[in-house]
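Just so it is clear, the model here is predicted, and its values are computed rather than measured.
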Amino acid sequence: MDPASSPSTGIDRDHRSYQYYRTEVDRHWDPADVDLSADVEALLDAPEPALDGLRGALAKFGAGEQSVTADLAPLAVVLDTIEDQSFIATQLYEEAKHADFFDRYWRDVITPVERERGLELTSPTDEQWFDPDYDELFERQETFLDALLTDDSPRARARAYSVYHLVVEGIFARTGYHGLQTVYGDEIDGTPTLPGLVEGIRLIQGDEGRHVGFGVSKLRDLVHEEGVDPDLLSDTVGELAMLVQGSLADSMDQDAEDPSADVDVDLVGYAMEKHAERMEEITATDV
């Protein structure tokens, strides 16, 4: 039978959202498969301030992945095409995997290291790891996404995509992960090399690149097809930028006794460069 004469299945396989969905299917990975054994050995001899900084960052990113897994639900409710729903189903699944990875890292790396070093056992949910800027950022995320359940307007969707895909994933998570990879990769002398963490973050970033791409695509449609003012996006990001900067600075702040304190990770410059690229893509008229 000629494929052109076959009846439609109702799914547009050329739709960008469907392509993002298919990429997840093709590039599936399992958090349980990441080898963490070398990380345990490396952290047994790491300076305690370095261990403290790592634990704080892991707690924030793990809690953040759990929050986005829960907060994304209103967007899944309002999206009405099978292509978008297929993608959101995979994003929810991927966010759950990311939370699973950080939970496993704490259980299989941090806790054994604490026990072996005779330190007090900690939990990634301890209040000591979280700062007011972090708490406020994720409260805003929940507020903007929950608003979709009562106001599914183009402006409300634009603010939801902006806080979620541009700020929390596009700036906070991806910038923080870039910093962790820089500090704990094997190219920096004097810091513990954590190949399991770096590999897990590499896999997570592959997923989140698709998530951000989906959000950028939707924001572009809202700007060019629904008449949403690009200034709304910029204003929303601007509202939250200081919270992101404050929380990331707290996460990457190193004690003077920590050899990684001298590592220059230009998180702000990296974040602003990536954000400018996304805004250019959203507003461009020739894409």
Side-chain angles (χ1 to χ4, degrees), residues 31-71 95-139 141-142 168 172-173 175-185 188 190-205 243-244 246-261 263 265 267:
D33 292 338
V34 179
D35 184 1
L36 303 179
S37 57
D39 294 38
V40 175
E41 293 300 318
L43 289 171
L44 288 176
D45 298 322
E48 192 165 338
L51 180 60
D52 282 342
L54 176 62
R55 288 186 293 187
L58 292 173
K60 281 185 177 180
F61 292 121
E65 296 291 358
Q66 290 186 37
S67 293
V68 296
T69 303
D71 293 346
E95 302 294 5
K97 284 201 306 182
H98 303 169
D100 184 18
F101 173 78
F102 284 109
D103 179 79
R104 177 181 172 231
Y105 198 92
W106 202 282
R107 183 182 64 248
D108 292 355
V109 177
I110 299 300
T111 297
V113 167
E114 290 174 335
R115 185 176 288 115
E116 182 70 19
R117 293 176 59 150
L119 301 173
E120 179 182 357
L121 298 185
T122 61
S123 165
T125 62
D126 290 346
E127 289 296 325
Q128 63 178 309
W129 310 125
F130 305 102
D131 57 83
D133 286 333
Y134 178 93
D135 292 338
E136 178 66 18
L137 175 62
F138 282 91
E139 286 175 8
Q141 173 185 266
E142 182 179 8
V168 172
F172 181 81
T175 303
Y177 291 151
H178 170 72
L180 289 177
Q181 286 181 309
T182 301
V183 171
Y184 298 108
I188 302 296
T191 60
T193 299
L194 305 176
L197 178 63
V198 171
E199 173 63 8
I201 289 174
R202 183 189 71 79
L203 293 166
I204 290 171
Q205 285 191 307
L243 299 176
V244 172
S247 190
L248 283 177
D250 182 82
S251 295
M252 303 306 297
D253 186 25
Q254 305 291 336
D255 189 278
E257 299 176 26
D258 180 357
S260 66
V263 176
V265 182
L267 296 180

Please test Leu58 against Trp106 for side-chain contact (heavy atoms from CB on, under 4.5 Å), starting from the C-alpha separation and ending with a verdict. CA-CA 8 Å; Leu58 292 173; Trp106 202 282; 4.0 Å; yes

Checking Glu65 against Asp100 for the side-chain contact (heavy atoms from CB on, under 4.5 Å) test, could you report, in this order, the C-alpha distance in whole Å, the side-chain angles of both residues, the deciding distance, and whether it holds? CA-CA 9 Å; Glu65 296 291 358; Asp100 184 18; over 6 Å; no

Yes or no on side-chain contact (heavy atoms from CB on, under 4.5 Å) for Tyr177 and Thr182, after CA distance, side-chain angles and deciding distance? CA-CA 9 Å; Tyr177 291 151; Thr182 301; over 6 Å; no

Should Leu119 and Leu51 be marked as a side-chain contact (heavy atoms from CB on, under 4.5 Å) after you check the CA-CA gap, both sets of side-chain angles, and the distance that decides it? CA-CA 11 Å; Leu119 301 173; Leu51 180 60; 3.7 Å; yes

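Counting only N and O atoms by type, the side chains of Asp39 and Tyr105 include a donor and acceptor under 3.5 Å apart. Gln141 and Ser67 share no donor-acceptor pair across their side chains, judged by distance under 3.5 Å alone.
Scanning both residues, Thr193 and Gly185, for their nearest heavy atoms gives OG1-O, 3.9 Å. Pro124 and Ala59 make their closest contact through O-CB, 3.4 Å (heavy atoms, listed as atom of the first residue, atom of the second, distance). In terms of heavy atoms, Gly196 sits closest to Val34 at O-CG1, 3.5 Å. Between Pro31 and Lys97, the shortest heavy-atom contact is CG-O, 3.5 Å. Listed here is the closest heavy atom pair of Leu180 and Ala57: CD2-CB, 3.9 Å. Heavy-atom minimum distance, Asp108 versus Val40: O-CG2, 3.6 Å.
Note that CD of Glu139 and CG of Leu243 are 10.0 Å apart. Values are rounded to the nearest 0.5 Å. From Glu41, atom CD reaches atom CD of Glu116 across 8.5 Å, with rounding to the nearest 0.5 Å.
Looking at heavy atoms from C-beta onward, Glu95 lies out of side-chain contact with Gln66 at the 4.5 angstrom threshold. Counting heavy atoms from C-beta on, the side chains of Leu194 and Leu54 come closer than 4.5 Å. Between Tyr134 and Val244, every side-chain heavy-atom pair lies at or beyond the 4.5 Å cut-off. At a threshold of 4.5 Å between non-hydrogen side-chain atoms, the residues Arg202 and Gln181 count as touching. Contact of the Thr122 side chain with the Gln128 side chain is registered, since non-hydrogen atoms from C-beta on lie closer than 4.5 Å. With a 4.5 Å cut-off on side-chain heavy atoms, Ile204 and Phe102 count as touching.
Salt bridge annotation for Arg55-Asp126: absent, with no cationic side-chain nitrogen under 4.0 angstrom from a carboxylate oxygen. One finds a salt bridge joining Arg107 and Asp103 here, because a Lys/Arg side-chain nitrogen approaches an Asp/Glu carboxylate oxygen to under 4.0 Å.
A donor-acceptor pair is defined here as one N or O able to donate and one able to accept, closer than 3.5 Å; no such pair exists between the side chain of Lys60 and the backbone of Asp131.
Partner Glu199 forms a side chain to side chain contact (heavy atoms under 4.5 Å, CB included) with one of Ile201, Leu197, Leu203 and no other, that one being Leu203.
Ring planes of Phe172 and Phe61: tilted class, angle from 30 to 60°.
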